[in-house]
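Naming: A, B, ... by sequence-line order, numbering from 1 per chain. Everything numeric in this text was worked out from a predicted model, so none of it was measured.
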Amino acid sequence: MIKRATFNHKTLPYLLLAPQIAVTIIFFFWPSGQAIWQSLLLEDSFGGNSRFVWFRNFERLFEDPTYGHAFWNTAVFSFLVAGIGLALSLLLAVMADRTIRGSTGYKTFLVWPYAVAPAVAGVLFGFMFNPRVGILAYSLNAIGIEWNHQLNGNQAMILVVAAACWNQISYNFLFFLAGLQSIPKSLIEAAAIDGAGPGRRFWTVIFPLLSPTGFFLLVVNTIYALLGTFGIIDSLTKGGPGKDTEILVFKVYNDGFRGQDFGGSAAQSVILIAIIVAFTFIQFRFIERKVHY
Amino acid sequence: MVENRPWLTVMAHAILIMGLLLIAFPVWMTFVASTHDAETMLRSPVPLLPGTKMLDNYYTVLFEGFGQASRMPQWRIMMNSLIMALGVCIGKIAISIIAAYAVTYFRFPFRMTFFWMIFVTLMLPVEVRIVPTYGVVAALGMLDSYSGLILPLIASATATFLFRQFFLSVPEELAEAARVDGAGPLRFFWNILLPMSRTSIAALFVIQFIYGWNQYLWPLLITTKEEFYTIVMTASRQANVVDGVPQWNLIMTAGMLAMLPPVLIVVFMQRQFVRGLVDADK
C-alpha cells in the first residue's frame, strides 16, 4: 500500500493532498451530510420553516404508491438493460473473437457509441421513433404495430431500454472481448481435441471462464441503469407517459426540483445511496472471491 | 480458431455486420436528417439518404442559432462544453496525481484517513446527491459560472486510484536512486514520475474528457443563463420543445455537433481510450 522508499517531509504531503481533500469535503461530504440531515426534516411548502421529523419522510415514501411504482420501474428497467445489453454484446464479442483478422476492425466500429452522451442518445432514439416523422415508428406502423411511446407506457419502456442498451453496448463489448482474448487457447484446443464442437466449447469452457468478467459487467450495468441513464429518460420520456418510465434517480430529481419536496427527495437520495453502496459492496466482497474456476 | 468451418466464419461476419448496421443506424439517420431542409423532415417517411442542405444547416446552427430553447449561435455553446470538458479532465488529473503521489510516497499521520475519505467518493456519483450538491453550489454563489460547472465534478476518486495503482508498480529503485542522487520529493515527482505517467495521463484524459463533455443533469440544474449552456443540454432541450413545428433538420444538426467531438476522440485515440476504460473501472 505504500512505497518502501519514502520521502520524509513534514508539510508537503498535506499540501499535495489539500486540493483533492478540499474538493471532496466541499462537494462530497458537505452535500452528503446535508442529504442525510434533510431527509429527517419536513419543510412546509412555503419554504423557510422546517421541522425535525425523524423518519417521517421515509415512512411517507413507503406509503406513497408512486414510490413503489418507481421502484418497480427501476427493477424492470435495470433487469432489461443489463440482460439485453450483456447478451447482445457477448454475442458480438464471441463473434469478433472468432474472426481472427477482423476483430480489430470491428472493434473500431463498435466502440464509439460509448462517446455519445446519454441525453444525445435519447434525442437520436426519440427522432427515430417519433410517432409523426420517425422512420422506425413509420416502419412499425406499416407492419401493423401502432407505435406511440408518448401514449403507451410499455412502448416508452421498450424505447428507453433500447436507447440505454445501445449507449452501453461498446463498453460491454470491449470488456467481453478482452475477457475472451485472455482465455488460454490451449484450453479451447484441448476441448476441441476431445471432440467438443463450438457450441459445447462455448458453454462448458469459455462461458465459465468468462464469468468473472460477466459478473463485473453485471454490477457495472446495473449501476449504469440505476444512475447513468438519467439523460436518456429525461430527453426521451421525462418519466412519462404518466409515471410509467419514472425510475428512482429521475424521481429524486423530479420531486426535489420540480416538486420542491426537499425532505422527500433527500430521503430518496439516502435510499438510492444505500442501494449503490450495497451493489459496490457486493462487487468488492462477493464476486471477486466466489467466481473462480 | 481451432477448426476450419467456413460457414461458421461466414455466420460470424454476418452477425457482426448486422450488429454494426444496427449500432450505426441511429447516427446515420441523424446525419441524414442534418442534410435536408425542414419541410422534407416533416413528411413521413423521412429520406434514408443524405440531401443537399448540409452546409446550410450546419451554418445556421453554428453561427445563427435556432429554436426556442437556445437562440445563441451554437459554436459558443460548444465552447462552453469544451471549457467544461477540459476543466473537468485537467482538474481531475491535476488534483488526483498529486494526491496519489502523497499517499504512495510519503509516510505521515492520518495517511489512511485521507485515503478512505477519497475512497468513499467512489461510491456516490453526483446524480444521487444532486439536490444537496445544488444547495451547496448555490450557497457558494457558483450558479451560472464555469467554476460551478466544473468544480463539483472533479471530486472523484477514480483518477486518484488509477495513479496510485500506477505508482505502486513503479520500481522502488527509482525513488532510492533519486534520493541517493540528492533529488528532493518535488524534483523526483517532476523529473521522473510525471514523465513516466504519460500513458496513464493520456488514457485518463480521453475518458474524463468524454465524461465532462457528456454531462447533462449538472449543467441543466445550475445554469439559467444561456451563456453557460452546454451543447449536450441544448441538443436535448431543442428536441423537447413542445409547441411549434419542430425543425428536425436543425435539431439533428445540433445532435451531430454534440456527439462529434467525443466520438472523434474515441476513434482517433482508441488505444488510450480502451486502456483508460479498462484501468478506470478496475
Exercise. Count the heavy atoms belonging to other residues, nucleotides or ligands that lie under 6.0 Å from CE of B/Met11, then report whether that count exceeds 12.
Key: yes
Quiz prompt | Residue selection (most heavy-atom pairs with chain A, distance under 4.5 Å) from B/Gly184, B/Ala258, B/Pro185, B/Ala99 | solution = B/Pro185
Quiz item: In terms of heavy-atom proximity below 4.5 Å to chain B, should A/Leu136 be classed as side chain, backbone, both, or neither?
Solution: side chain
Quiz prompt | Contact class of B/Phe106 relative to chain A, heavy atoms under 4.5 angstrom | solution = both
Practice problem: Against chain B, label A/Leu92 side chain, backbone, both or neither, depending on which of its atoms sit under 4.5 Å from a heavy atom there. | Solution: both
Quiz item: From A/Gln34 CD over to B/Thr133 OG1, what is the distance, rounded to the nearest 0.5 angstrom?
Solution: 9.0 Å
Quiz item: So how far is it from A/Met95 CE to B/Ile15 CD1, rounded to the nearest 0.5 Å?
Solution: 4.0 Å
Quiz item: Side-chain donor-acceptor pair under 3.5 Å between B/Thr160 and A/Gln20, yes or no?
Solution: yes
Quiz item: What part of A/Leu91 is in contact with chain B, defined as an atom under 4.5 angstrom from a non-hydrogen atom: side chain, backbone, both or neither?
Solution: side chain
Quiz item: Would a 4.5 Å heavy-atom cut-off, applied to side chains only, mark B/Gln270 and A/Lys107 as touching?
Solution: yes
Quiz item: Where on B/Ile154 is there a heavy atom nearer than 4.5 Å to chain A: the side chain, the backbone, both, or neither?
Solution: both
Quiz item: Heavy-atom distance under 4.5 Å between the side chains of B/Ser236 and A/Val120, does that happen here?
Solution: no
Quiz item: Any side-chain heavy-atom pair from A/Phe28 and B/Met117 closer than 4.5 angstrom?
Solution: no
Quiz prompt | Contact winner vs chain B - A/Phe29, A/Phe230, A/Phe127, heavy-atom pairs under 4.5 Å | solution = A/Phe127
Quiz item: Is there a side-chain contact between A/Leu17 and B/Tyr101 (heavy atoms, below 4.5 Å)?
Solution: no
Quiz item: Would you say A/Trp166's side chain and B/Ile23's backbone share a donor-acceptor pair under 3.5 angstrom?
Solution: yes
Quiz prompt | chain B contact via A/Ser265 - side chain, backbone, both or neither, heavy atoms under 4.5 Å | solution = side chain
Quiz item: So which of B/Leu20, B/Val170, B/Ile231, B/Ile17 has the largest heavy-atom pair count under 4.5 angstrom toward chain A?
Solution: B/Leu20
Quiz prompt | Among the listed options B/Leu186, B/Leu217, B/Val232, the residue most often paired with chain A at heavy-atom distances under 4.5 Å | solution = B/Leu217
Quiz item: At a heavy-atom separation under 4.5 Å, does B/Pro47 approach chain A through its side chain, its backbone, both, or neither?
Solution: neither
Quiz item: With a 4.5 angstrom heavy-atom cut-off, which part of A/Leu248 approaches chain B: side chain, backbone, both or neither?
Solution: neither
Quiz item: Taking C-beta and beyond as the side chain, do A/Trp112 and B/Met259 meet within less than 4.5 Å on heavy atoms?
Solution: no
Practice problem: Report the C-alpha separation of B/Phe108 and A/Leu12 in whole Å, then their side-chain angles, then the decisive distance to 0.1 Å, and conclude whether the side chain to side chain contact (heavy atoms under 4.5 Å, CB included) test is met. | Solution: CA-CA 10 Å; B/Phe108 55 96; A/Leu12 189 61; over 6 Å; no
Quiz item: Of all heavy-atom pairs between A/Ala119 and B/Tyr216, which one has the smallest distance, and what is that distance?
Solution: CB-CD1, 3.4 Å
Quiz item: Is the shortest heavy-atom distance from the side chain of A/Asn130 to the side chain of B/Trp248 under 4.5 Å?
Solution: yes
Practice problem: Report yes if some heavy atom in the side chain of A/Pro198 is under 4.5 Å from a heavy atom in the side chain of B/Leu8; otherwise report no. | Solution: yes
Self-check item: Any donor-acceptor pair under 3.5 Å from B/Asn214 side chain to A/Ala115 backbone
Solution: yes
Quiz item: Centroid-to-centroid, A/Tyr14 to B/Phe110, below 6.0 Å?
Solution: no
Exercise. Kindly determine whether A/Leu124 and B/Met29 satisfy side chain to side chain contact (heavy atoms under 4.5 Å, CB included), including the steps that lead there.
Key: CA-CA 8 Å; A/Leu124 265 51; B/Met29 285 313 294; over 6 Å; no
Quiz item: Just wondering, are more than 12 heavy atoms of other shown residues or ligands nearer than 6.0 Å to CZ in B/Phe25?
Solution: yes
Quiz item: Who among B/Val267, B/Val27, B/Ile97 has the most heavy-atom pairs with chain A under 4.5 Å?
Solution: B/Val27
Quiz prompt | Heavy-atom pair count under 4.5 Å with chain A, highest-scoring of B/Phe209, B/Tyr211, B/Trp213, B/Phe188 | solution = B/Phe188
Quiz item: A/Tyr253 and B/Leu220: side chain to side chain contact (heavy atoms under 4.5 Å, CB included), yes or no, with the steps?
Solution: CA-CA 11 Å; A/Tyr253 157 81; B/Leu220 188 71; 3.9 Å; yes
Exercise. Using non-hydrogen atoms and a 4.5 Å limit, figure out which bit of A/Val249 sits close to chain B: side chain, backbone, both or neither.
Key: side chain
Quiz item: Which of the residues B/Leu264, B/Val274, B/Val266 is involved in the greatest number of heavy-atom pairs with chain A at under 4.5 angstrom?
Solution: B/Val266
Quiz item: Which bit of B/Leu140 comes within less than 4.5 Å of chain A, counting heavy atoms only: side chain, backbone, both or neither?
Solution: side chain
Practice problem: Please state whether the side chain, the backbone, both or neither of B/Met142 comes within less than 4.5 Å of a heavy atom of chain A. | Solution: side chain
Quiz item: What part of B/Ala183 lies closer than 4.5 angstrom to a heavy atom of chain A: side chain, backbone, both or neither?
Solution: backbone
Exercise. List the steps, then state whether side chain to side chain contact (heavy atoms under 4.5 Å, CB included) holds for B/Val263 with A/Tyr114.
Key: CA-CA 8 Å; B/Val263 167; A/Tyr114 178 85; over 6 Å; no
Quiz item: Do the side chains of B/Ile98 and A/Leu15 get nearer than 4.5 Å, heavy atoms only?
Solution: no
Quiz item: Between B/Met252 and chain A, which part of the residue has a heavy atom less than 4.5 Å away: side chain, backbone, both or neither?
Solution: side chain
